[in-house]
Each structure stands twice: as structure tokens, then as C-alpha cells.
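Take a look at the structure set out below.
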Amino acid sequence: MKIVNSEDSKKIQVSTPGRICLFGEHQDYLQLPVIACAISLRIRIHATPRNDSSIQIDLPDLGEHQSLSLNSLEDYRHERDYFRSGLKVMREAGFAYLCGFDCSVHGEIPINAGTSSSSALVVSWIHLLSYLGERKGILTVKDIATLAHRAEVEEFHEPGGSMDHYTTAVGGVVHIQFYPVDVIDPLPSPSGRFVLGDSGEPKDTKKVLSRSKDRVLAINENLKKRDARFSLYNAATEDLDRLKRFLSTDEYRLLEGTLRNRDITREARSLMASDILDEKKFGSLLLDHQAMLRDVLGISTRKIDKMLDAACQAGALGGKINGSGGGGCMFAYAPEHTEEIAAAIEREGGKSYIVTIAEGTKREL
């Protein structure tokens, strides 16, 4: 057993931002590109080493406390047992933990609302564990994101992609390409602020993601059997016309909407890479994306639609639902009239947060 001395007792604090998906919602698990950005609402984990093998985790925001032991991490005790899964994947990555620690977790990110509170938590946990463990070498932010995705998604066989982990780990505005390999490119940040609106409507992220993912993947598999050259990444309008006879009306509409979202993301990337951002066009593309998410994927809600309409009437240039959908948050792009837009969202029953683009996961102590 390692004896903790005064040098070992230094406190460590790590924080990670939430995120909004600007373009490419419901695309990452299809290996299609996305554009996302980290926002100035964060989760922080503070840790102090102990003299034993116990890990004590306070979560006052949830009114919960968890106790773990480094000697018994084999079996998960509940669904989404992220603290155990994080330790498991870090051990598999070569980190050793010779003593336990006391932790406290505090967050500003709306929970279960589509702004990556769970991914920010897991990224923070992995980042923290990289300092508390013993191993030669250091983790890059991409390593942290990859291990966090493994701990949150792969360990529990869930349907989500890795956009959340990359975005919250790297920070800023990023274009993420998943095919044929993962490539993360920073983009210039829009100068204006965003107003996040939490509808307060509960959502079942796992159910919504699974339903959307399964439907599109089934269409993709069907068309690949008909034409081995078919690819969601490269398919063009003429391909849809040629393959239309193999699809039901609903399947054709869903596939067309998926490819339209892909093309909106590509158009947005070119726009955002410009020396001067055309803010009105940027807002218009956000609304085009929202239309596909609302009318084709069916993931928006009446309340979120009303919040977004109110935001635009108050001066927002555009916006969309954020996250898997079926409830949760929306956001509006607000280079001007920010306070008025926030108030308009609250008049429709939402809770508003004025946010800016933020840096990624970092050590604060």
C-alpha cells in the first residue's frame, strides 16, 4: 500500500465543458461529419488522495454519494456505472492506482438535456484519473476523448457516437470527420454568443438514438445489398432517384433528410472557414438543419419549436434543437439582442443560459 505524504496530498481539479452540435446532429454514429462547439458551462471534479484503497465520490448536485474500492471493480453495479467503467478502461490503458481518493463533482451543465453533461463528466473523470494514476507517458486530448467514449458508450453497448467526447475534450469549434479515419479540425469561432434554452422536458436519449440510428442503418444495409457502391458519405441525388424503388415512402424521406443534413454540414464548414462569417447565412443554415430534424427525423417537440420561434422573433439569427432530441435543449445564435432572446425563451417556459465558446478539458489545480 502506498503511504500518502505531503507531496502526494496535492489537490487536483479538472473541468470539462458542455457542448452544442451546430451541424450534423444524428450524423456521427453514421460516420458522417459534424460541427460542434464547447460552451462555457462546465463540470468540475476535485480530488484529494487517501491512505487506503477507497474512492469516495460526492455528487451534491444530484444528492448522491458513491463509494468504490480499488480492490473490487470487476462488476458494474448499475446502468451507466461511469466511475467504475472509467477506472476499468484506464487500467486497461496501462494506468495503475495504488491508493484511493476523495472526490466531489459540481456541474453547471443542464442534466439529461442534450448538452453532453454525461460525456463532460466522463471526460473529466478520465482526465482526472490520468493525473492520479501511475503510467509512463501522458494522454493527449484525443486519447482522453477515445477512452471516455469507451467508458461511456462501448462498455455499456449504447448507440451514441464520439462527437461529444471529442468536442468537450478538445474545446472551441471543431469539424469532426469519422470516415475513413477520425480527423478533428478546429474552425474559427463565430463572434456572437449563443442562448441555450432548456425546455425542462425529459428525454430518453438511449431510446431516441437507437431508433434513429437503427432506421438509417437498416436503409443503408438494404441499399448496399442492392448496390455495393452505395455510401451515405458519397451518395448523390441521382443515386436516390435510381434506388428509390427499393425504399418505402418513409424510408426514402428519411434517407433524403439524412443526406440533406450531411450537405448542410458541408456547406456550413465552407462558410465557417471564410475570413469573415456571413452571420445571416450561418443562422439560415441552422434553421435549415432544424427543419430536417423536426420534419424528417421527428426529434423536436412543440415546446422547443415555440422557444426557437420566440428566440428568432426577439432577434436571433437562427438556431436548432440540441442533442438527441425528444426534449432537452435548443439554442439560438445571438450576436445581438442576447438578453431579449433569453427573456423570450423564458416566456415560453424554458430556462435560458447565455453561453460563449469555451476551451476544452483542463486541469485547474
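- Defined by atom type and a distance below 3.5 Å, a donor-acceptor pair is present between the side-chain atoms of Ser15 and Arg42.
- Residues Asp143 and Thr140 bring a donor and an acceptor atom of their side chains to less than 3.5 Å of each other.
- A side-chain N or O of Asp164 and one of Ser116 form a donor-acceptor pair less than 3.5 Å apart.
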Report task. Dump the intermediate steps for side chain to side chain contact (heavy atoms under 4.5 Å, CB included) on Asp288 and Ser284, then the final yes or no. Result -> CA-CA 6 Å; Asp288 288 346; Ser284 176; 4.2 Å; yes

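- Counted by atom type alone, Tyr76 and Glu155 present one or more donor-acceptor pairs between their side chains at under 3.5 Å.
- Grouping the Ile, Leu, Val, Met, Phe, Trp and Tyr side chains by contacts below 4.5 angstrom, directly or via other members, places Tyr179 apart from Ile176.
- Under the 3.5 Å distance criterion, with hydrogens and angles disregarded, a donor-acceptor pair is assigned to the side chains of Ser300 and Asp305.
- Using modelled atom types and a 3.5 Å distance limit, the side chains of Asp182 and Tyr166 yield a donor-acceptor pair.
- Gln56 and Ser54 are linked by a side-chain donor-acceptor pair at a separation below 3.5 angstrom, with hydrogens and angles left out of the test.
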Query raised in the report: Please walk me through it: do Ser72 and Arg77 pass side chain to side chain contact (heavy atoms under 4.5 Å, CB included)?
Result: CA-CA 11 Å; Ser72 58; Arg77 306 295 174 84; 4.0 Å; yes

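- Looking at residues two or more places apart in sequence or on another chain, you find a side-chain hydrogen bond (donor to acceptor under 3.5 Å, both in side chains) between Glu152 and Ser118, Ser119, His165.
- Taking the six-membered ring for Trp and the full ring otherwise, the centers of Trp125 and Tyr82 sit at least 6.0 Å from each other.
- No hydrogens or angles considered: nothing links the side chains of His175 and Asp185 as a donor-acceptor pair under 3.5 Å.
- Side chain to side chain, Asn261 and His289 meet the donor-acceptor criterion of an N or O pair below 3.5 Å.
- Under 3.5 Å, the side chains of Ser191 and Glu279 contain a donor-acceptor pair of N or O atoms.
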